[in-house]
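This structure is a prediction, so every number in the text was calculated from the model and none was measured. Just follow the structure's listing: the first ligand is 1, and inside any ligand the first atom is 1. Basis for what follows: all heavy atoms, side chains included, without hydrogens, waters or symmetry-related copies.
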Amino acid sequence: MNYFSTRDKSLKFSFKDIFLRGLAPGGGLFLPTEIKKFNQKELNYLSQLNYNELATEIIFNFCSGEIKKEELNSLIQKSYSSFKDKEVVNLKKIGEIDLLELYHGPTLAFKDIAMQVIGNMYDYLEVAKDKTVNVVVATSGDTGSAAIAALSNRKNINLFVLHPHNKISNIQRKIMTTIGGANIYNIAIEGSFDDCQKIVKELFNEDNFRSKINMSGVNSINWARIVCQIVYYFYSFFKLKKNKISFSVPTGNFGDIYAGYVAKKMGLPINKLIVATNKNDILQRVINTGEYKPDTVKSTITPSMDIQVASNFERLLYYILDESDSKVGLLMNDLSSKSLFNLEKKEIDKIKKDFEAVKVTDEDTLSIIDEIYKEHKFIIDPHTATGVGAAKSFKSLGDIVVLGTAHPYKFNDTIKKAIGKNLDSPKHIKLNIDKKEIFDVIGNSNSEVKSYILGKIQ
Ligand SMILES: *Cc1c(COP(=O)(O)O)cnc(C)c1O
C-alpha cells in the first residue's frame, strides 16, 4: 500500500515509513492512495466475524504487502489479550442510548485500542532493530498513558510524553506517571495541549534533530491509529443490525471521528457523524460556519477534548477540496500566516453531507451524567456525556451509536461533582496509582524539550 502527503501528492511512502514518521515532510498528513470499498457480499462476510478477525480484515487493507495476514491476526490477538472484554468493545443499551464502550483496555480509554496494536507493530516492523527509536508524543491526557502501557520496557525504544501541566485529571496523571518502565519519560509542559502538540510537530520538521534521535511519533495524526479505530465502527454497525446508523463522537483532534469517515468511504452505511465538542469548539464552528480559527484553549471538565488545533481535520479537507494537495497547502499557509482560514459555501455543504456538529457546555455535561445515573444507575464519563448530549440534539437522525471514550473512574472528581458519589477503581485493571509519580516539569519551549531529550538519551 502506498501513501502520500495531503500537501504533496508526489511524495510516496510505504506503510512502514508512515508508521514510523507520523507526520509527512513539510507538515502534511499521510493518506493512502487507495481506500478499499467493500461490496454488499463482502460486508455480509465481515458481519459474521469476531472482533479480532474483523480487525484483521480491515487493518490488512492498509498494510498489505508489508505485514502478512496471519501474522497481523496473531499480532492483533496478542494486542487485545489484556482487555476485559474478549470482544474488545462492548455495545450496551442504556435506556434509549446505544453506547459503545471503548474503554476496557489497560488504561481505561479508547486510546488503548489503537495503541496496543501499535506497540506490537514497533516490534513486528523491526523499526528499532539496529538503532534505538525515540518516540515523542503529546497528550491531552489519555494518549500518554495508552502509549506508555504499549511501549513500556520495549527493547530499543524510549518514549517521551508531553502533557500540559495541571491541565489533565488527577487520575489521568497518576496512571501516566506510575505505570512506566525505565524507558519512559513524562514531561509536564507549562502550557496547553496545543503547545505540546506544536512542539512535537516542530521537532518532527527539524530534519537534523529528527534523524539525530531517530524520532518516531504515535499521536492521533499517526495513520496507524486511525486504521485501528475504523474497526469498531464496523463492529457496532453489525451488532446493531440496522440499515443505516449515525455515530456521535466526543471529539478533540478529529482522529476518532475521522476513522468513522474512512469507514463510510469503505462502504459502511453510516448516515451522519456527529462531532461533539466542549467549549473548545473550533470544529463546531468550522462545520457550521466555514471559519477555522483556533482560539485560546479553555480548561473544561473534558480535558481530553481541550484542543483548538484539530490536526486530523486536514485529512477531511483533502477530500473536501477535490483531492487537491495544493489547495490544502494554501489553506494551511493561511492558517500559519493569518491564524485562520475560511471555507466556501459549497465546501461546507459537502462536509454537512457527512457531518453534524454541536457544542456541549460543562453544565450540560454534568447534568447529563447525573440524569443517566438517576434514571439508569449507570455512570458515564464526562467525554462520553458530551456524545450523549450531541446525540440528543440530533434525535431526528434515527439510530445513533454514542462512542464511550473513557471509563468514568479516570474523571472521578468530576463524577463526584455530578452525582455526589465516589467511584471505586475498576477491578479488572491493575493500577498502581499510589506509587510515587515520576515526571519533570519544563517550560513551554521547543529548545527546552530538545535539550531535555538529548540529556536523557546521551
Ligand atoms: C482523545 C480523547 C477524545 C478525543 O478524540 P480525538 O481522536 O482526539 O478526536 C475524546 N474523549 C477521550 C476520553 C479521549 O481520550
Side-chain angles (χ1 to χ4, degrees), residues 29 89 99-115 137-149 161 163-164 167-169 171-173 175-176 193-194 196-197 200 218-230 232-233 247-263 273-278 280-284 286-287 297 300-316 355 357 360 365 369 380-390 402-412 414-415:
L29 300 185
V89 303
L99 176 70
L100 181 63
E101 296 178 344
L102 302 171
Y103 47 76
H104 295 305
T107 69
L108 306 176
F110 82 88
K111 307 293 200 294
D112 286 320
I113 294 178
M115 211 62 87
V137 67
T139 181
S140 58
D142 292 322
T143 286
S145 51
I148 293 168
V161 179
H163 75 262
K167 292 196 168 72
I168 63 177
S169 85
I171 302 282
Q172 280 182 312
R173 192 195 63 248
I175 295 178
M176 211 157 67
F193 167 76
D194 284 1
C196 299
Q197 178 165 254
V200 173
V218 292
N219 264 111
S220 71
I221 48 176
N222 191 314
W223 179 254
R225 280 183 62 182
I226 293 189
V227 163
C228 298
Q229 292 166 197
I230 296 169
Y232 45 72
Y233 285 90
F247 287 90
S248 178
V249 187
T251 299
N253 223 352
F254 205 70
D256 207 11
I257 198 162
Y258 191 77
Y261 179 74
V262 182
L273 294 156
I274 304 166
V275 172
T277 76
N278 62 24
N280 300 286
D281 68 337
I282 182 162
L283 287 167
Q284 182 275 123
V286 69
I287 291 170
V297 182
T300 70
I301 56 171
T302 45
S304 302
M305 294 156 61
D306 290 349
I307 292 175
Q308 286 283 347
V309 181
S311 299
N312 281 297
F313 193 69
E314 182 171 341
R315 287 191 160 114
L316 176 64
F355 291 91
V360 182
T365 300
I369 296 170
I380 55 172
D381 103 286
H383 302 78
T384 306
T386 66
V388 171
V402 177
L403 301 201
T405 49
H407 192 289
Y409 176 67
K410 273 194 129 162
F411 305 93
N412 62 358
T414 299
I415 299 298

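Of the options D256, T143, N219, a side chain to side chain donor-acceptor pair (under 3.5 Å) to R225 is made by T143 and by none of the others.
Classified by interplanar angle (parallel below 30°, tilted 30° to 60°, perpendicular above 60°), the ring pair Y258/Y261 is tilted. Between H104 and H407, the angle of the ring planes goes over 60°, which puts this pair in the perpendicular group of the 30/60° scheme.
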Tabulated below should be the N or O atoms of ligand 1 paired with protein N or O atoms at under 3.5 Å; can you produce that?
residue  : atom   : partner : partner atom : Å
ligand 1 : 7 (O)  : G255    : N            : 3.3
ligand 1 : 7 (O)  : D256    : N            : 2.9
ligand 1 : 8 (O)  : N253    : N            : 2.8
ligand 1 : 9 (O)  : G252    : N            : 2.8
ligand 1 : 9 (O)  : N253    : N            : 3.2
ligand 1 : 9 (O)  : F254    : N            : 3.1
ligand 1 : 11 (N) : T405    : OG1          : 3.0
ligand 1 : 15 (O) : K111    : NZ           : 2.6
ligand 1 : 15 (O) : D142    : OD2          : 2.4

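Qualifying side-chain hydrogen bond (donor to acceptor under 3.5 Å, both in side chains) partners for H163, counting only residues two or more places apart in sequence or in other chains: none.
Side-chain atoms of N312 and R315 form a donor-acceptor pair, as typed in the model, at a separation below 3.5 Å. A donor and an acceptor atom, one from each side chain of T139 and Q172, are nowhere located under 3.5 Å apart.
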